[in-house]
Amino acid sequence: MTESVLEVRHVSSYYTKARRLSGTHSGFGERDMQVLRDVTFSIQKGETLGLVGESGSGKTTLCRAVLGLGMDYEGEIIHHTDHPQMVFQDPYSSLNPARTVGWTLREALRAGERRGKRASRPLVPEILGQVGLSEEYIDRYPYELSGGQRQRVCIAAAVIQRPQLILLDEPVSALDVTIQAQILRLLVRLKKEFGLSYLFISHDLNVIYQICDRVLVMKQGEIVESGDVRQVYEDPQHDYTKMLLAAVD
Amino acid sequence: MDQTAGEPAGVRSMDRHGEKEGTRQTFGRTSCGDSGDEMTDRQSQKNSGQQAPDLLKVSGLRVHFHNAAPERYAVNGVSFSLKRGDTLGIVGESGSGKTVTAMCVSGLMPRGKADEEGSILLDGREMFSCSEENLRRIRGQDVGVVFQDPMTTFDPLCRIGRQVEEALTVRGIPKMERRKRAVEAMGLAGLRDAEELYSRYPYELSGGMLQRASIAAAMITKPKLLICDEVTTALDVLIQEQILELLRNLNEDYGMTILFISHDLHVVKKICKSVLVMERGKIVESGETAEVFARPQHAYTKKLIASIPARAERCRTYD
Amino acid sequence: MKVLLRKILNLMIALLIVTLLTFLALQVIPGDPVTKMLGADATAAQAAQLRTRLGLDQPVLVRYGRWLLSFLKGDPGISYSYSMPVAEMLKGKLSVTVILTALSFAMTVLISIPLGILTARSESVRVNHFFLIMDQLFMALPPFFIGILSVYLFGIVLKLFAPGTYVPLSESVAGGLGYLLLPALAMALPRSAMTVKMLRSSIRSQMAEDYVRTARSRGLTDSQILHRHALRGAMVPVVTFLAQSAAEIMTGTIIIEQVFTIPGLGRLLLSSIGSRDFPVVQAIVVLMAVFVILVNFAADLINMAIDPRIRVS
Amino acid sequence: MKIRKNGFLKTGEIMSLVLATVIVTGFFWTPYGTTAMNAAEKTLPPSLHHLLGTDNFGRDVFSRVISGAGTSFLIALGVVAVGCIGGVLIGSLCGYFGGIADAVLMRVCDAITAFPAILLALVVVSLFGGGMANILLCLGLLFIPSFARVVRTEVARVRDMNYIQSARLMGVSTGRILLRHILPNTFPVLLPAVTIGFNNAVLAEASMSFLGVGIQPPQASLGSMLKDSQTYLNTAPWYALGTGGMIVLLVLAVSLLSEGIQQGTGRGQV
């Protein structure tokens, strides 16, 4: 097998009780404990791994744990590459409203240089071109951009440091369908161009099917099914996967 | 509801009939267009000759917001009709005018923010010539609306029951009966423990439950038309399924007429007998849902269908 | 219930801290009350005797404890300047200040709430602009300047009242209240302007919420929506602001009493500060602090009643 | 940030500009000496020689008002500077890092902001002595909590935004994230806080001087002049009007400016 870029071994995570109380406490409703239960998987180089599940299934918690964004967890997370990046769902809170597109991208470059990636410094207009935006966007503020354009800028900022792994948290869910298709195509192209690996999180199995090689199905913090996308689609084993598939059919 | 569910789907182009029935001509012209490349319509040929009374008949609807560019119409010549007991989907992306159309039909367009032209006949009554007073009577009584985000559709400071029965409250129904009907409607909307939930606050309920409660609130007056504006968008897929199931039951068991607005072709396919596809304020294609999906005629419809993440195609292969 | 208990506990802690801080602050002030009371040529023995009598020879915390206990019993000590019980000195003055504060606060509420609702409902651009300008103007008028202007206008030019002739309520209720009207109004006007502005924007932001559209779809009129829904939500920040206003008004009396020569707590506070009469200063500051804390607590309770979500978090 | 022009902004700009010019000029030159008495010209009504008349010592009220406004201006500026710098420092650190220090500091801030600043300032300044430095320091310290609270709330909100997470993933240092990524986002809430703080400081100084515990005579101060003018309300009403009017103008100019900016950035009311 090829080398892996990320290994997650037996990761569990708990929400403290106090936090739960202040957040979503209630005696009613369909609610899950926000816990990761013994999650194990790895991502190979050049692979797109899909992670599917409903809200509250622990997808985002897993993401934060992988990126080390202030999540406490048990188990092991081994990175075989430097500094993975992330693209978030909501393109409206993903860009600093007080800064222009150019500033954000230059800032990413600057931070990359501090990490010693001076060698192949790309230029801001060049990067914008790579994500399908023209130079005139350099001086635009986020509020002047559409959802799709913002997501392009976010993707540009994510690939600017040439990471090997990018986490995509529902990157197209907030977009119109035709824009979704464009962004998905962009992601595929960038992956080929830069040899990226993706962890692609979505609640939409159809989107996962389009872009991923393998898929993990997550329910209440547990991976209930995993395998090759086609295989999972054609022959789902777990009831939950079957329900999810039936829902998007 | 006096309509049998087995009737042929009732979407027809109104541009030809519209003029006969005295709609303002100027807009009859600009509406869907006769040329066929703007709008592809199978139903009009099939159904011409048949004249059952429509519950809703929109003709030559044009909306222009005052703060928009002069020639930028949010809705630009939209005509369609909807029979009792039918389910009609309006599909389009953001900015297609689908929500504005729904707002006009529900009588919720804010006053003085836009120019509206054309005609909306609801059960034979012209909405545009209604006084604000009459419009308000129509809202809640004849038309119920369910909105997108169940989390924000309720007043967070007000108990669920009070809000579910609100359409009755403002119509002077006594408290005991209100409560009875509210609990009934909530039960109908698939909420168990309706009695208990009646005195809960919105923050104590999950999104799916709130969406059920908001359907109950819209249904409580037994309106003639139920407008669902992106009701599943904010929900998880499995909950989406449940809500769609509920709406389907309301339509099949109680003959509720549903106007279903969505950007999601998938969802529309599951619930609507017929569908309108809108792009930049115009209807570009309409017909029976299955038919439109199987054989899309208009380029935009094709593009939309192609954009749906489907099993058949994968980005990797076509890029 | 749990939240309520926690709030009450917080309230107690706050009261304790405020009283302690006030007490400590007045201990570090330079100047020895004993020399002040006895004069410069008193003997050391006399001084020591007085010190013992006043309890000044004890450690600070012991003195604080003693003072707090007797304060709770209604005895805040003995005045250095007048050698009489502080409680005696405060008695008549406290009621004047409380009535003035209550009067002014009532005016603020009565002016601002209806006006705020009225201007929030108005859709006319002109009316809105007019009120925005009036808001700005009145917010810029400091109460003491309004006070001076009204003394000049009503007292000197129109001769409607004679400045400096406050009659205690015990002598004439109508006369006393009448005299307090202008000072109360002077404090209420700028506060009202601020409250109107706040209430208006609060209502506006509520009316832009999604649930308003939903209510409209049920056939409610705008005024039904306002009264059944929007107003409740809009009141939450306003209640908090009104509590703050009550506190500001209470301290504002210090100045306004000066302008209208009203014999209230403010004047007593100033003269006591001047004569370094610490027991009196301490008692007044603590009373005002307790008032402020209680008012804020009341606002919290009201908001808990309005918004169920506050009850759980 | 683009600011649309509007009536409030324009009026505020013009007023502030005129006032600033007058005040700055007043630091170097006034028509008459601010303490120069003239027994021959006691309580003269406004005229071309004395724009706002003279007071009971024959001093030119206009000159004294300008100079007093200068004092108010300097103190308010200093108070806001102390409060703002301290508040931004405490607020941003508390908001960003959270934890026990944050909880404790914010409790203290809550207690101090709940308490009317003027009462505390009054007691403290009167007991430690007036004078510009004492007033400035005392009010400045008392103003820190209100700034800290505003900044903290905003920083805590922005901290969890996706773009800050992104910046962290890109390897931007914490200091830089705070300074260059988060702080610019607090300006929209900091600006109204600064203007309100400025006005509160002007009023607090005036109030204290009015009560005789602030700026000490013969230095001109709007508050103490207003206090003096009260005695001569009968014979020289222009004294009170001119002095009080200046306070109103100072406050009005700044709040119009603030309202204008808020409306121009779409945050104000229509």
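Proteins come first, then strands; the chains are lettered A, B, ... in the order of their sequence lines, and each starts at number 1. Every heavy atom of this structure was used, including side-chain atoms; hydrogens, water molecules and symmetry mates were not.
- Among B/Thr221, B/Thr153, B/Ile138, the residue making the largest number of heavy-atom pairs under 4.5 Å with chain C is B/Thr153.
- Residue contact with chain B, scored on non-hydrogen atoms closer than 4.5 Å, involves the side chain of C/Gln224 exclusively.
- Using a 4.5 Å cut-off between heavy atoms, B/Pro202 makes no contact with chain C at all.
- For chain B, the option among C/Ser217, C/Ala230, C/Gly233 with the highest count of heavy-atom pairs below 4.5 Å is C/Ser217.
- Within a 6.0 Å sphere centred on CZ of B/Arg171, other residues, nucleotides and ligands contribute more than 12 heavy atoms.
- Counting only heavy atoms from C-beta outward, the side chains of C/Asp307 and B/Leu157 approach each other to under 4.5 Å.
- With a 4.5 Å cut-off on non-hydrogen atoms, B/Thr152 touches chain C through its backbone and its side chain both.
- B/Gln163 touches chain C through backbone and side chain together, each having a heavy atom under 4.5 Å away.
- For B/Ser214, no part lies near chain C; criterion is any non-hydrogen pair under 4.5 Å.
- Residue B/Val146 does not touch chain C at all, counting heavy-atom pairs closer than 4.5 Å.
- Using a 4.5 Å cut-off between heavy atoms, B/Phe154 touches chain C through backbone and side chain atoms alike.
- Here the straight-line distance linking atom CG of B/Asp155 with atom CD of C/Gln206 works out to 7.5 Å at 0.5 Å rounding.
- The neighbour count for C/Phe297 CZ, taken as heavy atoms of other residues, nucleotides or ligands under 6.0 Å away, is above 12.
- If you measure heavy-atom distances from B/Arg159 to chain C, you find no contacts under 4.5 Å at all.
- Between C/Pro308 and B/Pro156, the shortest heavy-atom contact is CG-O, 3.8 Å.
- Across all their heavy atoms, C/Gly219 and B/Arg136 have their closest contact at O-CG, 3.1 Å.
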C/Arg228/B/Cys158 under side-chain contact (heavy atoms from CB on, under 4.5 Å): CA gap, chis, key distance, verdict
CA-CA 9 Å; C/Arg228 286 176 64 90; B/Cys158 188; 5.8 Å; no
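- In this structure, the separation between CE on B/Met151 and CG on C/Asp210 is 13.0 Å, given to the nearest 0.5 Å.
- No other option in B/Arg162, B/Gln148, B/Glu132 has as many heavy-atom pairs under 4.5 Å with chain C as B/Arg162.
- When each of C/Arg218, C/Arg213, C/Glu209 is checked for heavy-atom pairs under 4.5 Å with chain B, C/Arg218 comes out on top.
- In terms of modelled atom types and a separation under 3.5 Å, the side chain of C/Arg216 and the main chain of B/Leu108 share no donor-acceptor contact.
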